Amino acid sequence: MIPERASKLLQEFGIEVDREALDYEDWWERKGKFISESIDRMGTVQLRMFDRWGNRIDELLYPPEYWDMLFKGYRAGVIARTFEEESLKPFYILGYITSFYDPGVYCPYTVTISTAVPLYKYGSQELKEKYLPPLIARDGEIWQGATWMTEAKGGSDLGNTVETIAEPAGNGLWILNGEKYFASNVGAEVAVVAARIKGEPLGVRSLALFLLPKYRRDGSLNYHVRRIKPKIGTRSVPTGEVELKDAEAYMLGKREWGIYLILESLNISRVANSIGSVALAHRAWVEAYTFARKRFAFGKYIYEQPLLNRQFQDMGREIREAFALAWESVEALNEVYLEKPRYSSRYHTFRLLAHMAKYWTAEVSVKAAKWAMEVHGGMGVLEEYPAERLLREAMILPIWEGTAHRQVLDGIEAIVKKDAHIGVFERLRQYDGAEEIRRIGEEMKAMDELEREREADILFESLVKATLKVLRQKYMPVPL
Ligand SMILES: Cc1cc2nc3c(=O)[nH]c(=O)nc-3n(C[C@H](O)[C@H](O)[C@H](O)COP(=O)(O)OP(=O)(O)OC[C@H]3O[C@@H](n4cnc5c(N)ncnc54)[C@H](O)[C@@H]3O)c2cc1C
């Protein structure tokens, strides 16, 4: 059995879910889930580009309830608590609860924290004073962030596909020209944006991370939304195409740190993707269970049919294991998220755990959502019931924040170049089977480079499975 509430699973793992988080969950149960359902049915949100007098405004036409739902999380401290408590854990705890009900809404929170943390770490005093307080606020004016890296020519190989050009304009100001093809949480008051320094060659070294406000210093729009993208799921986060024409921006961190800062921002969202993936899988399990306990076939409720009953147990175990891996990546990130280049070996250990978690949890999420649809039989395919939406929502999880291929290849790179498997082994060495993590890592290192790349997914999966075996002991989830 898996608990029917998100908070209960967290508690099973010994994670403290305080009153404020429980109240937030109650709100979702009473109200939020109904708003979420109607936003999903609404389809793609409309964009009003001009006001009646012909001025460019780029306004999103969500109903007022959407904004209530969205700002509920900010008011519950999903961003603020990280800064109040100097820990990312509340962000991931509230994120698990949010994603159990609506993984799309967790995206705005994720990109907001992935904007706020780099600003906090790398912004000048002046930038921080101006932009940080509303980004981390619970009350009054609350701003949102966004992380815009991907362009039309591709998102995986940023070194060769970012064509947005940044030119210095004096006094710390930069001017950006280009387009961002997948811009989630479009409409945000501040974004972090990847751009290439003017005159520098292709490659990751010429990229830098910039803070881009929604409005210019003269009050005009600093970026334009060309359109909102219709998509199958996560409709509670608007994804648009953004045009930057002489946009004003500020470089974050040292010039030579650019690509590292881009990856730091991605690290936070990859871990959020892992947490959101498990929450979605958990929800899919609960929906399947709710259905199967009352659906009758061949003389029994289908939940009691031996085959399906075993599948419920297996899927429940997979979800718990996936949560253990996701939470291990939260713990590891929390230890290093304030580090700056040059990073410690602990940072590279975290990177490997994050790649494993992002890869594996997204696969589990899609698998659980597909299985929940099958458990519902024909009802699963109908738009009026929850299983259909869960599968639509799950499909994005292996892709954004870096595809499965990227997680596998980058994870292996962390092993080959930084011996990150040794760090994971050291972290878990008191448990049976930890030695296997080291062995697989060494085997990868010893392989011919081409052979290793061709087999990367198979090799990486064996590493993930060895790690799950060990994490099962560490977190001792309650037996099904
Ligand atoms: C709904 C949605 C919202 C998004 N929001 C944002 C956002 O807010 N900000 C942002 O920056 N991006 C965003 N993205 C973009 C997302 O991060 C990219 O789609 C993703 O990183 C993959 O990039 P791509 O689509 O260009 O695929 P490509 O990079 O073109 O890759 C195509 C395929 O090739 C594979 N591939 C690439 N290189 C290799 C290799 N060496 N070996 C094997 N396979 C390889 C990839 O894994 C993938 O399967 C969003 C995407 C979606 C769908």
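Just so it is clear, the model here is predicted, and its values are computed rather than measured. Note that ligands are numbered from 1 as they come in the structure, with each ligand's atoms numbered from 1 the same way.
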Item to check | Sub-6.0 Å ring centroid separation between Tyr106 and Phe91 | outcome: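 Judged by ring-centre distance (under 6.0 Å), Tyr106 and Phe91 do meet the cut-off.
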Next on the checklist: Could you work out, with side chain to side chain donor-acceptor pair (under 3.5 Å) as the rule, every residue matching Arg438, not counting sequence neighbours?
Outcome noted: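 By the side chain to side chain donor-acceptor pair (under 3.5 Å) rule, Arg438 matches Glu435.
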Next on the checklist: Applying side chain to side chain donor-acceptor pair (under 3.5 Å), can you list everything that pairs with Glu179, at least two apart in sequence or on another chain?
Outcome noted: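 So Glu179 forms a side chain to side chain donor-acceptor pair (under 3.5 Å) with Arg226.
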With a 3.5 Å cut-off and sequence neighbours excluded, list the donor-acceptor pairs that the side chains of residues 390-403 form with protein atoms.
residue: Arg392; atom: NE; partner: Glu388; partner atom: OE2; Å: 2.7
residue: Arg392; atom: NH1; partner: Asp40; partner atom: OD1; Å: 3.2
residue: Arg392; atom: NH1; partner: Ile232; partner atom: O; Å: 2.6
residue: Arg392; atom: NH2; partner: Asp40; partner atom: OD2; Å: 2.7
residue: Arg392; atom: NH2; partner: Glu388; partner atom: OE1; Å: 3.2
residue: Glu393; atom: OE1; partner: Thr234; partner atom: N; Å: 2.9
residue: Glu393; atom: OE2; partner: Arg389; partner atom: NE; Å: 2.8
residue: Glu393; atom: OE2; partner: Arg389; partner atom: NH2; Å: 3.1
residue: Trp400; atom: NE1; partner: Asn273; partner atom: OD1; Å: 2.8
residue: Glu401; atom: OE1; partner: Ser269; partner atom: OG; Å: 3.1
residue: Thr403; atom: OG1; partner: Arg406; partner atom: N; Å: 3.4

Item to check | Glu451 backbone acceptor or donor facing Asp448 side chain under 3.5 Å | outcome: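 Between the backbone of Glu451 and the side chain of Asp448 there is a qualifying donor-acceptor contact (under 3.5 Å).
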Item to check | Those protein residues which place at least one heavy atom below 4.0 Å from ligand 1 | outcome: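 For ligand 1, the contacting residues are Thr147, Trp148, Met149, Thr150, Gly154, Gly155, Ser156, Phe182, Ala183, Ser184, Lys231, Thr239, Ile396, Ile399, Trp400, Glu401, Thr403, His405, Arg406, Leu409.
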Checklist entry - Should the pair Trp28 and Tyr101 be assigned to parallel (<30°), tilted (30 to 60°) or perpendicular (>60°) ring geometry? => result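 Ring orientation, 0 to 90° scale: parallel.
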